[in-house]
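Have a look at the structure below before the remarks.
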Amino acid sequence: TKGWNAYNLCAGTRWKVCPYCHIHGTETFISDPMTGDYRPQIDHYYSQARYPFLGLTLGNLIPCCGQCNGPGFKHVKNFYTTPHLNPLFDSENIGFRLESADAKKIDDPVVQSLRAPVAECRISLFPLTACAKTNASLFTFKLTGRYQLYTDEALRIARNVRERRALQEMLLPNVEKHPDPTSRDQMRMHLFAFSSALGLSLAFNPDSDQDYKNHPTGKMKRDIFLHARDE
């Protein structure tokens, strides 16, 4: 009667990307509260059917995407008996890397993958620290399979970084030979400014541990970028 409900609350959340998969937006907007012609996805981490007293508990409501909350994914799974990563309480624990689709063929799968066709590469998802909840989340939300659709994007990011690194390595000796110290400093600054340039192509700052969270597949893109830059 006061025109307030859980959807109004979730519409004001800071993050707008599904915290289970980080692929789709949460779409917490309400088109028309009176007609109810569009209902955003709000997951009950602990099922309200099994745990009705948690049905309206704020710490149990998680804006997510329809795919993660739908049949074949979470749906009616009991996250109390089989704990999964809880986006409201658990630290992020899934990492991404690009590797060869058949690591047995080569000695260094990462280096090889950056020179291979997309069909021969895959995105590997792994727990940053050993954790049963992370393994459960990877399995329930089918994250490894779903992320293979973005292999070409991951490969593009990695190749861009490597090409800029190769350019740096080629030009840096010439910079160091320049007689003017001020000019050398300016040339170094421009030469090593590839992070911000590539960051613009990612639409967020990859050196920030927060900026990527409102961009679909942002965690994958950031991990691929940082690994290619820092390897």
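What you are looking at is a predicted structure, and each value in this text was computed from that prediction instead of being measured.
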### Message
Check whether Gln148 reaches the backbone of Ile123 with its side chain - one donor and one acceptor, N or O, closer than 3.5 Å.
### Response
yes
### Query
Can you check whether Ile62 reaches Asn86 side chain to side chain, under 4.5 Å on heavy atoms?
yes
### Message
Here's one to test your reading of the geometry: is the NZ or CZ of Lys74 within 45 degrees of the ring axis of Phe79 and under 6.0 Å from its centre?
### Response
yes
### Task
Hey, could you give me the OG1/CD1 distance between Thr26 and Ile42, rounded to the nearest 0.5 Å?
9.0 Å
### Message
For His44, give me all partners under side-chain hydrogen bond (donor to acceptor under 3.5 Å, both in side chains), at least two apart in sequence or on another chain.
### Response
none
### Side-chain touch Phe126/Arg97, heavy atoms, less than 4.5 angstrom
yes
### Query
What is the minimum heavy-atom distance between Cys121 and Leu155, and which atoms define it?
SG-CD1, 4.3 Å
### Query
Can any side-chain N or O of Ser137 pair as donor or acceptor with the backbone N or O of Leu85 at less than 3.5 Å?
yes
### Task
Count the heavy atoms belonging to other residues, nucleotides or ligands that lie under 6.0 Å from CZ of Phe139, then report whether that count exceeds 12.
no
### Query
Counting only N and O atoms by type, is there a donor-acceptor contact under 3.5 Å from the side chain of Arg222 to the main-chain atoms of Ser208?
yes
### Task
Nearest 0.5 Å please: distance from the NZ atom of Lys77 over to the OG1 atom of Thr140.
5.0 Å
### Query
Under a single-linkage definition using a 4.5 Å side-chain heavy-atom cutoff for Ile, Leu, Val, Met, Phe, Trp and Tyr, are Met220 and Ile23 assigned to the same hydrophobic cluster?
yes
### Query
Would Arg146 count as a cation-pi partner of Phe141, with NZ or CZ less than 6.0 Å from the six-membered ring centre and within 45° of the ring normal?
no
### Task
Using a 4.5 Å cut-off on heavy atoms from C-beta on, say whether the side chain of Leu226 contacts that of Asp207.
yes
### Message
I'd like to check Tyr45 versus Leu88 (side-chain heavy atoms, cut-off strictly below 4.5 Å). Are they in contact?
### Response
no
### Task
Might you work through the side chain to side chain contact (heavy atoms under 4.5 Å, CB included) test for Phe73 and Gln67, ending with a clear yes or no?
CA-CA 7 Å; Phe73 292 80; Gln67 189 170 2; 3.5 Å; yes
### Task
With rounding to the nearest 0.5 Å, note down the distance linking NE2 in His24 to SG in Cys68.
7.0 Å
#### Entry: Nearest atoms (heavy-atom pairs only) where Phe204 meets Gly218
CZ-O, 3.5 Å
## Note on the structure
Smallest heavy-atom separation, Val17 atom then Pro216 atom, equals CG2-N, 4.0 Å
### Task
For the residue pair His22 and Tyr147, establish whether any side-chain heavy-atom pair is separated by less than 4.5 Å.
yes
#### Entry: Beyond-backbone contact of Ser47 with Val76, side-chain heavy atoms, under 4.5 angstrom
no
### Message
Using every non-hydrogen atom in the two residues, find where Leu128 and Glu92 come nearest and quote the distance to one decimal.
### Response
CD1-O, 4.1 Å
#### Entry: Connected via hydrophobic side-chain network under 4.5 Å: Tyr46 and Phe89
yes
### Task
Please check if the side chain of Asn60 supplies one atom and the backbone of Leu54 the other of a donor-acceptor pair under 3.5 Å.
yes
### Message
Any donor-acceptor pair under 3.5 Å linking the side-chain atoms of Tyr51 with those of Asn78?
### Response
yes
### Task
Look only at the side chain of Lys142 and the backbone of Gly72, and say whether a donor-acceptor pair between them is shorter than 3.5 Å.
yes
### Task
Starting at CG of Leu202, measure out to CG of Asn160 and round the result to the nearest 0.5 Å.
9.0 Å
### Message
Can you tell me how far apart CG (Leu138) and NZ (Lys133) are? Round to the nearest 0.5 Å.
### Response
13.5 Å
### Query
For the residue pair Cys18 and Cys64, what are the closest heavy atoms and their distance?
SG-CB, 3.7 Å
### Message
I'd like to know if the side chain of Asn214 and the backbone of Arg14 have a donor-acceptor N/O pair within less than 3.5 Å.
### Response
yes
#### Entry: Atom pair CD1/OG1 of Ile94 and Thr134 - distance to nearest 0.5 Å
6.0 Å
#### Entry: Minimum heavy-atom distance between Ala203 and His215, given as atom pair plus value
O-CE1, 3.1 Å
### Message
Quick test of your reading of the model: are Asp223 and Lys219 salt-bridged, counting only N-O distances below 4.0 Å?
### Response
yes
### Query
Are Asp43 and Tyr20 close enough that some pair of their side-chain heavy atoms sits under 4.5 Å apart?
yes
